[in-house]
Amino acid sequence: MSTSAEPRVSGLEVRSIDYVPLDERHGKLWHLGPLWFMSNAQIATLAVGLISITEGGNLIWSLLAIVAGTLIGTFFMAFHSAQGPQLGLPQMIQSRPQFGYVGALLVWLFAYVQYAGFNVFNTILAGQALHTTLHGSVKLWVAVVTAIGLVVALVGYDIIHKAEQVLTYTFLIIFGIFTVGVLVTLHYPAGSFDLSAFKVTPFLAQFGVVAGYQISWAIYVSDYSRYLPPDVTVRKTFYWTYFGSALGGIWLMVLGTLLAAWAGTHFDTIPSINAAGDKIFDGFGAVVLLFSALGLISVTALNMYGGSLTLISAIDSFKRVRPTLGVRLLTLVLTAVLSLIGALAATSNFLANFNNFLLLVLYLFIPWTAVNLMDYYVVRKGHYAIAEIFKPNGIYGRWGWQGIFSYLAGFAVMIPFFSVGTLFVGPAAKALDGADISLFVGLPVSALLYWWLTRSIDVEAETRVAEAEAEMLERAAHEHREP
């Protein structure tokens with residue numbers, strides 16, 4: 001099927017966790033670039049670049065940690081993106097072959113918490129940005145942002161792609177000017193670019209948070225590539241996702257580090273952006289903040305969309321769901337209401353502990369990404385009986401003990417290496433003076449253990465089942481029901 005067809009933007013999206021049939025595949029591969037660029041190029045990402053500076057690192061080593069963490073973390077995220085066109089499924093439902101029909105609830109719970117946590121932070125930031133520029137109550141603006149995000153998420157896949165494209169082009173102009181201004185007009189403390197002032201703890205803290213932030217996108221990516229035709233290559237899907245996300249992430253995290261180095265202990269995200277923008281010319285800070293609010297609305301919609309898919313998947317584990325517009329609407333509204341309640345109830349402590357939240361996300365999804373990628377690229381090599389994923393007693397079973405055990409084992413061996421601010425520092429991290437290297441422990445343990453435990457899987461037999469059920473799968477998709 002050709003990949004050159006224009007996207008369909010025709011009313012509300014109906015599909016959710018169900019398989020996308022071949023004759024509904026559409027869009028262009030390059031659309032993944034602006035989608036993942038703009039998803040990362042918003043001011044919530046800016047806050048990720050503050051860790052090293054606030055923990056005593058200097059500017060140059062903070063920048064190097066950001067680049068290294070982004071390049072490594074995005075590597076795993078982008079490989080998940082390539083699964084979407086091949087399977088025609090959203091990301092989290094793909095966990096059933098590894099964790100089982102019911103067992104996948106383990107990771108879906110964590111995923112839903114992540115969606116909610118990020119939306120609390122995103123909507124509060126957007127509310128503060130709009131309060132600073134347009135005045136009015138922060139809580140009122142939080143409600144407005146949530147409502148607009150809900151509408152965008154309800155319209156669905158195609159409008160999200162289109163919105164991110166338009167925002168990307170606008171971002172390049174506004175933030176291009178802002179970035180040049182930050183580099184030219186701001187002054188940094190002495191020793192900011194001294195390579196001999198390396199400190200291992202702030203460097204690894206910054207590296208870990210950045211890598212975790214990029215890996216946290218792994219639970220989204222197939223959601224936004226699953227409508228693409230299956231003849232797009234894994235390599236090209238990977239490239240468009242990788243470079244889009246990495247460039248957006250590095251840009252905003254670097255800006256965060258530069259602003260934090262300039263403002264020092266006086267740094268506060270919204271006021272500091274406003275002040276830096278006004279140094280370029282009066283009123284430009286407000287322009288940057290207004291556009292930033294639009295970016296935060298777009299990523300709020302992404303979180304609602306992904307949260308809805310995760311919630312539908314969870315409900316389906318207990319009672320088979322007919323994927324309809326009504327189900328989408330119900331789960332989107334519930335997701336929006338929960339994030340709104342969280343945002344309105346959040347205190348300044350939540351914002352202060354956002355970086356701890358990012359680390360917890362890293363810990364929870366490192367073992368999952370290891371198991372999922374090992375299964376897809378090494379164990380089953382992309383061959384799945386998709387119809388069986390929707391069967392409670394299908395070939396993948398209700399409980400995937402290999403995946404669950406590998407996940408828990410990987411998480412367990414990471415615990416001594418955890419370093420979460422003042423919340424918890426494991427014994428191994430203490431021995432390393434607070435440095436966190438849990439990523440390099442949990443990832444290989446979960447991946448290799450899962451590979452060893454799944455050596456007896458008969459992939460050829462599963463492939464034969466997939467071939468036998470292919471026609472039935474397409475027919476069920478056209479009838480808008482699970483196979």
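The first residue in the sequence is number 1, and the count goes up from there. For clarity, every value in this text was computed on a predicted model and none was experimentally measured.
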Chemist: Keeping the roles fixed (side chain from N122, backbone from T300), state whether a donor-acceptor pair exists under 3.5 Å.
Modeler: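 No, N122 side chain to T300 backbone: no donor-acceptor pair under 3.5 Å.
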Chemist: How many angstroms lie between atom OH of Y112 and atom CE of M92, to the nearest 0.5 angstrom?
Modeler: 13.5 Å
Chemist: Does any donor atom in the side chain of T45 or Y213 lie under 3.5 Å from an acceptor atom in the other side chain?
Modeler: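 Per modelled atom types, T45 and Y213 side chains form a pair under 3.5 Å.
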Chemist: For the CD1 atom of I53 and the CG atom of L50, what is their distance to the nearest 0.5 Å?
Modeler: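 Answer rounded to 0.5 Å: 9.0 Å.
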Chemist: Does atom CZ of F110 have more than 12 heavy-atom neighbours, drawn from other residues, nucleotides or ligands, at distances under 6.0 Å?
Modeler: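 Correct, the count exceeds 12.
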Chemist: In terms of ring plane angle, is the pair F411 and Y407 parallel, tilted or perpendicular, where the classes change at 30° and 60°?
Modeler: parallel
Chemist: Could you check whether any side-chain N or O of Q128 sits under 3.5 Å from a backbone N or O of I270, counting only pairs where one atom can act as donor and the other as acceptor?
Modeler: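 It does not hold such a pair.
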Chemist: Using 0.5 Å steps for rounding, measure from the CD1 atom of I124 to the OG1 atom of T269.
Modeler: 11.5 Å
Chemist: Could you walk me through whether Y227 and R15 pass the side chain to side chain contact (heavy atoms under 4.5 Å, CB included) test, one step at a time?
Modeler: CA-CA 10 Å; Y227 280 87; R15 298 200 178 278; 3.3 Å; yes
Chemist: Is it the case that the side chain of Q214 and the backbone of T70 share a donor-acceptor pair, with hydrogens and angles ignored and the cut-off at 3.5 Å?
Modeler: no
Chemist: About how many Å separate OG of S216 and CG of L364, when rounded to the nearest 0.5 Å?
Modeler: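 Spacing of CG (L364) from OG (S216) equals 11.0 Å.
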Chemist: Any luck finding a side-chain donor-acceptor pair between T335 and Y305 under 3.5 Å?
Modeler: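 Absent: no donor and acceptor within the cut-off.
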Chemist: Under 6.0 Å between ring centres, would you say that holds for Y19 and F390?
Modeler: no
Chemist: Can you see whether S245 engages W217 through a side-chain donor-acceptor pair at a distance of less than 3.5 angstrom?
Modeler: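 The answer is no; no qualifying pair exists.
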Chemist: Kindly check if the number of other-residue, nucleotide or ligand heavy atoms within 6.0 Å of NZ (K236) is above 12?
Modeler: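 Count not over threshold, so no.
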Chemist: Look up atom OH in Y157 and atom CD1 in I160, then write down how far apart they are to the nearest 0.5 Å.
Modeler: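 Reported value, rounded in 0.5 Å steps: 10.0 Å.
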Chemist: Give, for atom CD of Q94 and atom CD1 of I386, the distance between the pair rounded to the nearest 0.5 Å.
Modeler: 8.5 Å
Chemist: Take the angle between the ring planes of F75 and F79 and call it parallel below 30°, perpendicular above 60°, tilted in between.
Modeler: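 Rings of F75 and F79: perpendicular, over 60°.
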Chemist: Parallel, tilted or perpendicular for H80 and W368, by the 30°/60° rule?
Modeler: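 The rings of H80 and W368 lie parallel, inter-plane angle below 30°.
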Chemist: What is the ring orientation for Y384 with Y396, classed by angle as parallel under 30°, tilted 30 to 60°, or perpendicular over 60°?
Modeler: tilted
Chemist: Just say parallel, tilted or perpendicular for the rings of F193 and Y188, cut-offs at 30° and 60°.
Modeler: perpendicular
Chemist: With no hydrogens and no angle check, is any side-chain donor or acceptor of S81 less than 3.5 Å from a backbone partner on M77?
Modeler: no
